[in-house]
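All remarks here apply to the structure that follows.
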Amino acid sequence: MANPRRGRCVLCGHETTKGNMSKHLARCRHLQEHVAGAGTDKPETLLRLRIQDGYEGAYWLDVEVREGCTLGDVDKYLRAIWLECCGHLSKFTIGGWGGTDVAKSRRAQAVLADGVELTHIYDFGTESITRISAVGSRQAVPLGQRPITLMARNLPPEVTCMECDRPATHLCQECQLDWESPGTLCAQHAEEHPHEEYGEPVEIVNSPRMGMCGYTGPAEPPY
Ligand SMILES: [Zn+2]
Ligand SMILES: [Zn+2]
Ligand SMILES: [Zn+2]
Ligand SMILES: [Zn+2]
C-alpha cells in the first residue's frame, strides 16, 4: 500500500510529514492562542505522546495526556480510535511480547517519562501491536477536560483498487486471508466482488486494524 505518511494537525488543520509534526505542534498557533486565552483553569504538566502501529508506523497519532491520565485511559482511547472489534483482552508491556507487564492503573506520565517505550497489545490471537513513547512536554492549561487530547493523526493511506487503479474504498478479507491478494476495491468493484467467506468487503477506515478479525471501524476518536 502506498503511504506518504503525512498527517494533519487536528487543532489548526495544518498538514505535514510524520517527521515534522512534532516541530509543528511545538509552535502551532492554535496552542499558543489557547495558552494566552486560558481562563481560570490551572496549568499542569502535559506530556505529548507519539503513538504508532508496531509494523511500518504508517498509522500514527500525536496526543497530549494530562497528569491524571492512566494507562487504562490510553487503552480505552486506542480501542475507540483504532482497535475495537469484539472486546479482546489487551495489555501494556515494556519490551514488547514477553516483556514486563505494566498495570493499567499506572499513570501514563509516570511510566513514559525518561524515554521508555511502551508496547500495547490488543487481542492475544490476531494481535495488534502499538508502540507508545513520549516526545515532549509542556506546562500549560490542558486543551480539554478529558485525560487525552488528540493533536494530530496520519491522513488515510492512499490505496488503489486492485482491479482498476481507481482509489479503493473497500477491503475484502477473503482475498487477503485465502488468496494472498491485496483485496483493495473501489466502490464499483466492491459491489461486483464475489467473495463472502468473511462477509462482504468492508469500508476502509483510518486504522491499522483494517482487515484483522472482524474489525469494521469507525476509527473515530471517543472524544
Ligand atoms: Zn496546528
Ligand atoms: Zn475481534
Ligand atoms: Zn475478495
Ligand atoms: Zn475498481
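Just so it is clear, the values below take in all heavy atoms, side chains as well, and ignore hydrogens, waters and symmetry mates. Numbering of ligands and ligand atoms starts at 1, following listing order.
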Margin query: Just so I know, are the side chains of Leu185 and Leu171 near enough to count as touching, which here means a heavy-atom distance under 4.5 Å?
Written below: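 With C-beta onward as the side chain, the pair stays apart.
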
Next item on the list: Could you tell me which non-hydrogen atom of Gln173 sits nearest to which non-hydrogen atom of Gly211, and how far apart they are?
Entry: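 Taking every non-hydrogen atom into account, NE2-O, 2.8 Å.
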
Next item on the list: To the nearest 10 degrees, calculate the angle at the Zn ion (ligand 2) involving NE2 of His88 and SG of Cys86.
Entry: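 Taking the Zn ion (ligand 2) as the apex, the two atoms subtend 100°.
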
Checklist line | Metal site angle (apex the Zn ion (ligand 3)), ND1 from His195 and SG from Cys172, 10 degrees | finding: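 Angle ND1(His195)-the Zn ion (ligand 3)-SG(Cys172): 120°, rounded to 10°.
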
Next item on the list: With the Zn ion (ligand 3) at the centre, find the angle made by NE2 from His193 and SG from Cys175, to 10°.
Entry: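 Between NE2 of His193 and SG of Cys175, the angle at the Zn ion (ligand 3) is about 110°.
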
Check: Any N/O/S of Cys28 under 2.8 Å from the Zn ion (ligand 1)?
Finding: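 For Cys28, the answer is yes, given that an N, O or S atom comes within less than 2.8 Å of the Zn ion (ligand 1).
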
Note to self: Between His24 and the Zn ion (ligand 1), is there a contact where an N/O/S atom of the residue lies under 2.8 Å from the metal?
What the structure shows: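 An N, O or S atom of His24 is closer than 2.8 Å to the Zn ion (ligand 1), so yes.
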
Item checked: Pairwise salt bridge (charged side-chain N to carboxylate O under 4.0 Å, His left out) hits with a residue in residues 78-89, at least two apart ->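 As it turns out, the salt bridge (charged side-chain N to carboxylate O under 4.0 Å, His left out) pairs with a partner in residues 78-89, which skip direct neighbours, are Asp75-Arg79, Arg79-Glu84.
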
Next item on the list: Classify the ring geometry between His14 and His24 as parallel (under 30°), tilted (30 to 60°) or perpendicular (over 60°).
Entry: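 If you compare the ring of His14 with that of His24, the planes turn out parallel.
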
Check: Parallel, tilted or perpendicular for His195 and Trp179, by the 30°/60° rule?
Finding: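 Parallel, since the angle between the ring planes stays under 30°.
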
